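As a basis for the values below, the full set of heavy atoms in this structure was taken, side chains included, without hydrogen atoms, waters or symmetry mates. The chains referred to below are lettered A, B, ... by the order of the sequence lines, with proteins before strands, and numbering in each begins at 1. This is a predicted model, so every value here is computed, not measured.
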Amino acid sequence: MSSSISAFIASSSHLGGFTMYAAMFGVTAFVIALALNLYRLIRGSNTEDRILALDTAYINSLALTVLLGIVFNTAVFFEAALVIALLGFLGTVVMAKFLHQGDIVE
Amino acid sequence: MMPIWLDVLIAGFIVIGAVFALIGSYGLAKLGDFVKRIHGPTKASTLGVGAVLMASMLYFSFTTKSPSVHELLIVLFLFLTAPVSAHMLMRAARLRLRESIPRLDESENRGTADERR
Amino acid sequence: FLGAVALLFVGNGQRKFAGWLAGVFTLAGFALLLTLAPMVWNGEVPRFRVEWLPSLGVGFGLRLDGLAFLFGGLILGIGALVVLYGVYYLADNDPPARFFALLLFFMGAMLGVVLADNLILLVVFWELTSLSSFLLIGFWRHREDARQGARMALAVTGIGGLALLAGVLLIGKVVGSYDLDVVLASKVVLQQSPMFVPILLLVLLGAFTKSAQFPFHFWLPHAMAAPTPVSAYLHSATMVKAGVFLLARLYPALGDNDVWFWIVSTVGMVTLLMGAVIAIFQHDLKGLLAYSTISHLGLITLLFGLDTPLAVVAGVFHIINHAVFKASLFMAAGIIDHETGSRDMRQLNGLWKSMPITATLAIVACAAMAGVPLVNGFLSKEMFFMEATAVDTHRLLQLAMPIAATIAGMASVAYSLRFIHDVFFNGEPVGLSKTPNEPPRFMRVPVEILVVLCLVVGVFPAYTVGPLLSVAAQATLNLPSVAQMPQYTLAIWHGFNLPLLMSAIAMAGGVTVYVLLQRKINLHTVVKLPGDAKVLFDVFIENITVIAGALTRLTQNGSLQRYLLLIIITAIAGGVAAVWLYPAVGVTSSVPMESANLMVVAIALVGIIASIGTVVMYRERLTALIFMGAAGLVVALTFVYFSAPDLALTQLLVEVVSIILMMATLNFLPKQSKPEAAGRRHVNWRDAIIASAAGLGVSWIVYQVLTRPFNSISPYYLQTTVPQGGGANAVNVIIVDFRGFDTLGEIAVLGMAGLIVALLLRGLIVPASNGNSPFGAAFEAKMPEVARQSLLLQVISTLLLPVAIMVSIYFYLRGHNLPGGGFIAGLIFAIALILQYVAFGQARVEASFKLDYGKWVGWGLLAAGLTGMGSWLVGFPFLTSTFKYFSVPLIGAVPIASAMFFDLGVFLCVIGGTMLALATIGRLSQPAKEAA
Amino acid sequence: MSLALLVALGVGVLMACGVYLLLRARTFDMVLGLTLVSYAVNLFIFFMGRLAVGKAPIIRAGVPETLTNYADPLPQALVLTAIVISFGMTAVLLAIAVRSHAENGHDHVDEEGRSGVAVDTPPIPGRTPK
Amino acid sequence: MKRWIPQPLVSAMLLLVWLALNNTLHAAHLLLGGLLAIAIPLWTSRVSIGKPKPRQLLTVIALACIVLYDIIKSNIDVAILILGPEKNIKPSFVWVPLDLTHPHAKAALAGIITMTPGTLSSDFSEDGKYLLVHALNVADAAALVATIKARYELPLMEIFE
Amino acid sequence: MMAFALQHLAILPIAIALLAATLTLVVGERRLAQQRAIAWIAIALLLSCGALAVLRTSSGEMFVYLMSNWRAPFGIALAVDKLTAIMLLLTSFIGAVVMAAQTSSRRPVGTYFYPLFMLQLMGLNGAFLTADLFNLFVFFEVLLAASYGMLLQHPDRARTNAATHYVVINLLGSALFLIAASLLYGVTGTLNMADLSLKINALGPQSRALVAVAGFTLLVVFAIKAALLPLNFWLTGTYRAAALPVAALFALMTKVGVVAIVRTLTLIYPDGSAIHSHMSQALLVIAPLTMLMAACGALSARDVSTLIGWSVVGSAGMLVTAIAIGEPKALSGALFYLIGSTVATALLFLNAASLDQAGARVTSVGEAGGRQWAWTGALFVIGGAAMAGVPPLSGFIGKATILAGSASHSAQVWVWTAVLLAGMLSILAYARMGSRLFWKRDAALVLGACRAWGVESENWPQRGRFLPDLQPHSPAMGQKDGENWIAAVGLQPTIPKSDRLLGASLVPTGVLAIALVCLTIFAAPVQRFTDQAAAELKRPQIMIGNVLGKLPQQKPVVPVPVTGVNK
Ligand code: NA
Ligand code: NA
């Protein structure tokens, strides 16, 4: 695993020292957050819980994408984050509405 | 090379954001009831993401030598849309609870919810 | 130019003819044939040839040698008589045009068989005779026996035809040509080839089935369901003779060896005896004639099998004789049938009184059949007896042959006698539906002509049939000139010799047998006919059909899962086979292996668990969908991590729209997946194993590829995307320019998807399917005070719509240089619209924006297509992109690429297709609005 | 664990899950299965261009245009096409699923009378107004 | 004016969005963004719920500051709640009677309540006069209602009505 | 004009169809007359393109078209060789006939018929034209998507159920195609088929397994399309459910798979490699078995559509057998057979459509329907004979040539046995079906006649006594009997004569029958062409040289002010 960390550091050598470690911490934290979302997704117990878990996973992914943009020093992932922010909620809304009244488009 | 203050600032935002997001997701995983769980992620995540986006803004404003404001858009969109998700989920979840919720002012002013119908 | 006439026949056979027209054509053909007679007599072979199948080296060629002349004469001559006869025979309400058209069609085919100058053409016409005889036998289509008889004839002769085809193709392979001249001259090559025995067997199979030789004889009696003119023509003179014609035709190439001798003579002899004996026991006139025909064909076959030149001559002679007397007998039988309404000899008795002329004619013809002196049948029978006694190849055969010949002769006398006695004498008719009378004058003429021929040939053989026989036999033996013919004499009287004795014995024996049989067992009471192979055939066909049906049902059981499983297993098997065949795998790994960091492992695990979750939870469909969404999210993250921003964007957007579509349809489907019937647990395990194998295979391939060095055409794209493609985003430039054509097809598919959803669901009204789930419409009953629509959602939606459109345009404009493009823009636009649908309901949205999404698809495709064609105007290939920088005051250089118009088409098409699908599904539950 | 092995396993699991669901007998399950299969296939195509981290194929000035500096753009373009097509086909299949359920009264993929076809609800009369 | 720019505020927002998207103040983008900002609402305004006519920009900014402060503060509170033992959490639904009538104002209130941690707007009553709020930890429901009405609803009243 | 057509010959068949599809969409759903006019114009143009392609390629030319003006293998190349030319002409011809059938049919066209029809032709043409493997996938999808739409015209229960199977199976096929194509890219780094051929040839031994996996998977995909055993089971159900004119169009569907197999075996993995011979061996097992299976299926078929469906399977088996044999003569025979069997299939399906108008698809028509039925019967005989390979029609010619071409092959005995046996069974099957359809006189026959004449069928249940009357009682029962019978029981046809409609529906089938006869009579020029086409296929270097050697047109150089982007 140490080799993988050094490779990771190598890929983020453009960063300042604090930022680099913060980014590593951030990435790890968001991945753990994703894993926690998955835990809730599996546990349930209700469909709402699962939808909520997925919704949270979307938000965490957004943050992860932004962080990766910093790590890789590229802005090309900005659009993906933008799209999640703008339209990612629609999936949640539709599922919730489905739970609520079945028909999502009346 | 990045000035140290900026480095620290960016790092700080990232750490704050990550911590809040993590706590939010932890809450989602830990808490025992849907109506409790939903409080965790819908907010902690938004602040978490907000902080990370601040970091991104600062970072890219520095690297491209021009202010990077489009991260603000993400924040804006998130603040517009996140309440809707939570709102809709709560609406759905309330169906499962199937309980009437008494209104504080009703007992004093207008009677019970049942009378209202 | 004889061919021209033959062609005319085939061609005209399709059209409608009145009977006389048919007659005229036949006579014209006959006349034409006669004009060619002198050439044939002089030993010339008139030919006609046009190119036809160059791949096979086969032309459409005709040649008229003696044998062909003989058969041509029979076909056309007897054909003309049959046509004349048929005019009177057919019932009023039988369609004459179709009858004569088919008859002419058959005649043309038969002529083709005898005239063909190459074997392929011969097979072609051969099969045509089968086909046309199928149609002729089944002419009385309403009769079950006619249909069955026709099918049986087709089946048997068809099998033979295919065998013949195989034999002919083998001959072509050995000899190197299908040309008859070449083949006939290649006897040595052929007979020394290792393929000779298969060739011979296949060809003989063809000949024997056609000529109803044992054991393929059974179809002929059942073909008697045909109208009598057909029987008279096909089953006496022509079609059944095609088999013996083939024997005669190929005799020079295939004959003159032991295999030929044993097979042909044995089959011939068995057929001869069996046919003759069975014929005695027939009650049906035509049945008797049919078995008699089988027997005589056996005789001819036997003669060819004896494998001596003289026997061949006898065979050719008997072909002529048999054709003449058998045709007349069939016609006579037809007259009787026509006049009495019956062909049953148990009913027919004493017709001598009512129709003496017909009786006389029939008696003479029967005499020929029996081989009575002074009639033509006698001559060829004598020659046969002569050859039978001359067999000296084997001691046993030397003895058996004359005995068999005599027995056959006896039987033929017996059944001829029965024909005469049982029909024209033997008391009074029993239970006839009509009063018998003499037939119309011209119906009898053909019979008269043929009977006169019998007599003339019988009395003056050397002057009448001699020359014809000699050229025909010469051609059969493929001798260069008549001079080399073996010595034979055509005379009634050869002096007292063994054949004459045999004839006498046969005569006396035959009479005795008939009388004895009639006395002792009374032939009328024999019910069960011995040796009818029809039963066997029926069982055979029935079994084939049953087996075929079972096989089909077994494999094609209507289970989609089975089909999918087969496909997957086949694919896996292909992969396994590939690795097994080429085991040198994974030898080198020159690529430095990057190891995975914790983050990637964790994300991959999330994705893996999510997809497994989808499977585990699949019975709860909504839950499975959520898991699937998570898996899709991980896929998008994977695209992010591995440098594919466009893919990540697209994946996210498509994911959102897909989930919406699935939710919208799930409303009309069961929310739970019902478990299958009990006892299918092993099926699940089987599926799991197959699925795992598929997954493992894919993993293996990916790993193999990833550990290999890579040389690709891609650097070209990276290098040219900016200078020649005008965009920095290589992916987008590939999509709209390098491989813009793919994109054109892709949007066509997407647009069509929308159209298909619309055409499938439009107008359909389906109530939501709630099953036993707590979701959906159940809500309305229980919590009526809750608002259906969310105010918050509505407000936010109205705000987001313009913003999303703005973002969509942003993506559209910048796709060429950065992630984005028409597709992504279109999806964002569509999602923004969907949001309105979700927030406000379909009716309100569609009332506000009048949208015909089908047209959007059309305009989108049109824009993309026209962009492509635009480059034609400047002489470049389809979709060639150009870009120009326009300098605009205040703003500077603005790039306008033609690819942008193409992308506009993509944009429109994506919106149109997506929205058309969604709007149609949304409309499913709205009966009220449908009316409005 | 090497990155290559990891992604290979990921694709394989997706594929296996998709195939298993595809082999279920009900329309919606098949849709889920086909979606997973298409995820797997898209990733498969994508990885055929090898792995590149942090090298999006968007040309930056001054960076030599080789595959060492940029991810392979071609498989990405192919995946885009594949995503779009499978999305359209998913829509079609969903529509067929709805129609089939309305026509047959069940969502089994085979016609009634086959072994294992359980009719779970009486046929819903889908009607087509004139 | 009204005909060509039906929703001036939306148009202004769109222009800002455009500039932010492109991260620029370039003249070309100002022009293009302006054009789009005018053109898009012409089409989209066909579906709308009321017309937002916010006044008092200062109040808006003040409210924004309050909300931002509350977000940060209550984020910390919630974090502590989550990390602490679960038995300390006493969630409850509370109906908040509304004086707001403008749909945008109601939506804004609902959004603010959700964004500030610890509370979450769950639903509007059917007549639109109550907002159902769920709070993670409710000691005094009446106090919560009062806080919401004073801290958020009042400024919104000023802004929208 | 001519120069233009020649320059863009390869794209025209696609562009015309696309343009027509878009125009029919844009004019609006309700304006069917305009849509039909557009479709007919497009068909006429497509026919001209096909004819032009055949004429020009017969003189030895090969047209390569560089899409978007990028040189192959970087851009997508289209190529018109002789095989493609044949397929283009055949496609437009069948398309025209199906259009004619649809025009003359009583049934109105379904939703979006014309756009989907045009896109169907576009997909077919594209699949035949493209020289790029991934582009082939795209056009497969186009033609499949269109075929889903065509299958689901006037959707009903049977069609929906058939479509479920058809769509799912093809989606799985598409996934496999993507895997195979991208795997080839992953190993060789290219997608152009000509370039693939070169690159595969140059690969080291350790990559051969992967290339073989890709090749086998491709074969599986194409075998699904061509309906080879054991991947053929989707076909008969689909064809049976489809509207019959649509099924006639589907006659081309399996041929796409066959042509793709030809390309696989002659271009991507040409003669001489181990993979090629393994592929051939596998196909030589599978394809003859397919033929036999199809013959069994045909024999057990209970209705015409199923019978024809199985014949389609059988003809695919025959074609692939010939391709796997690979001798030039066998290939030439296969091409000839391909033309003939496609036309015959279309003929049989359209003919069945005429029968269907009397509601007699499953049972029988007999002669009670009058003269039209006699013609229908004659056409059935021609189609069936051509399909079953009865001489002298095209089916026989192709078959005989294939057999002759396989005479020197090691699998000769097996192939010959299968071909001849299958031929025999097919003849039997057609004889059975034909005699039942056109000869048998039973209740269904008169029912069919009544429907054809518009006799109300409500009378039927009450008048059960009719049924015994229908048994044959007179050996000389003639053509008029059916009519007499109907007159006798007092049923008056409410529509006086439906002759006109039926007559019109005979036109397209008649045209096809004439085409079959012409194909037989003028076999010489056709065979010369297929001989040349086969020779061309046997020499892949011609295609490779043409495709990779074609240079893009010089573009004016555009000065680029900015290279790259800010970030
Ligand atoms: Na008698
Ligand atoms: Na793009």
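Of the residues considered (F/Leu23, F/Asn135, F/Val142), F/Asn135 shows the highest number of contacts with chain C, using heavy-atom pairs under 4.5 Å. Ranked by heavy-atom pairs shorter than 4.5 Å toward chain F, the options C/Ala166, C/Gly172, C/Ala573 are led by C/Ala166. Among C/Leu162, C/Val705, C/Asp742, C/Leu861, the residue with the largest count of heavy-atom pairs under 4.5 Å with chain F is C/Asp742. In terms of heavy-atom pairs under 4.5 Å with chain F, the best-connected choice from C/Arg562, C/Glu746, C/Glu127, C/Arg739 is C/Arg739. Interface remark: of the candidates C/Ile568, C/Ile756, C/Leu560, C/Leu560 forms the most heavy-atom pairs closer than 4.5 Å to chain F. Chain F forms the most heavy-atom pairs under 4.5 Å with one residue out of C/Leu154, C/Val749, C/Leu169, C/Asp852, and that residue is C/Leu169. With chain C as the partner, the residue from F/Leu403, F/Leu428, F/Thr190, F/Ile397 showing the most heavy-atom pairs under 4.5 Å is F/Ile397.
A side-chain donor-acceptor contact under 3.5 Å links C/Arg708 to the backbone of F/Gln206.
With a 4.5 angstrom heavy-atom cutoff, F/Ile14 touches chain C only via side-chain atoms. Only the side chain of F/Leu176 comes within less than 4.5 Å of a heavy atom in chain C; its backbone stays farther off. At a 4.5 Å heavy-atom cutoff, the contact between F/Leu152 and chain C is made by backbone and side-chain atoms alike. Looking at F/Leu420, both its backbone and its side chain come within 4.5 Å of chain C, counting heavy atoms on both sides. The parts of F/Ala274 that come within reach of chain C are both its backbone and its side chain, each placing non-hydrogen atoms under 4.5 angstrom from that chain. For F/Leu425, the part sitting under 4.5 Å from any heavy atom of chain C is the side chain, from C-beta outward, and nothing else. With a 4.5 Å cut-off on non-hydrogen atoms, F/Ile521 touches chain C through its backbone but not through its side chain. In this structure, the portion of F/Leu66 lying under 4.5 Å from any heavy atom of chain C is its backbone and not its side chain. For chain C, the nearby part of F/Phe396 is the side chain; its heavy atoms alone come within less than 4.5 Å. Of the two parts of F/Thr130, neither the backbone nor the side chain holds a non-hydrogen atom closer than 4.5 Å to a non-hydrogen atom of chain C. Using a 4.5 Å cut-off between heavy atoms, F/Val213 touches chain C through backbone and side chain atoms alike. Both the backbone and the side chain of F/Thr520 come within less than 4.5 Å of a heavy atom of chain C.
A pairwise comparison of heavy atoms in F/Pro155 and C/Leu759 identifies CG-O, 3.8 Å as the closest pair. The heavy-atom pair separating F/Leu119 from C/Ala748 by the smallest distance is CD2-CB, 4.3 Å. Of all non-hydrogen atoms in F/Ala212 and C/Ala578, the two that sit nearest each other are CB-CB, 3.6 Å. Contact between C/Tyr717 and F/Pro73 at its shortest, heavy atoms only, is OH-O, 4.2 Å. The nearest pair of heavy atoms linking C/Met869 to F/Ala15 is CE-O, 3.7 Å. Residues F/Ala404 and C/Tyr178 come closest through the heavy atom pair CB-OH, 3.6 Å.
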Checklist line | Derivation and outcome, side chain to side chain contact (heavy atoms under 4.5 Å, CB included), residues F/Phe216 and C/Leu581 | finding: CA-CA 12 Å; F/Phe216 290 158; C/Leu581 290 169; 4.3 Å; yes
Next item on the list: Would you sort out whether C/Phe741 and F/Phe134 count as a ring pair (Phe, Tyr, Trp, His ring centres under 6.0 Å), showing the intermediate values?
Entry: CA-CA 11 Å; C/Phe741 198 49; F/Phe134 192 81; over 10 Å; no
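In this structure, F/Leu19 CG and C/Leu862 CG are separated by 6.5 Å, a value rounded to the nearest 0.5 Å. Between the CZ atom in F/Phe74 and the CZ atom in C/Phe738 there is a gap of 9.0 Å [rounded to 0.5 Å]. Separation of atoms CD1 (C/Ile567) and CD1 (F/Ile224) is listed at 4.0 Å; rounding is to 0.5 Å. Residue C/Leu760 holds its CG atom at 11.0 Å from CD of F/Gln153, rounded to the nearest 0.5 Å.
Counting heavy atoms from C-beta outward, F/Asp195 and C/Ile713 have side chains that approach closer than 4.5 Å. Counting only heavy atoms from C-beta outward, the side chains of C/Leu866 and F/Thr22 never approach each other to under 4.5 Å. Side-chain contact between C/Met752 and F/Tyr148 is absent, with no heavy-atom pair separated by less than 4.5 Å. Residues C/Leu170 and F/Gln412 are in side-chain contact: their nearest non-hydrogen atoms beyond the backbone lie under 4.5 Å apart. F/Thr188 is not listed as a side-chain neighbour of C/Asn711, based on a closest heavy-atom distance of 4.5 Å or more.
For CH2 of C/Trp859, the number of neighbouring non-hydrogen atoms (other residues, nucleotides, ligands) closer than 6.0 Å is 12 at most.
In the model, F/Tyr185 has a side-chain atom that pairs as donor or acceptor with a side-chain atom of C/Ser712 under 3.5 Å.
The aromatic rings of F/His278 and C/Tyr582 stand perpendicular to each other, their planes meeting at an angle above 60°, with 30° marking the opposite boundary.
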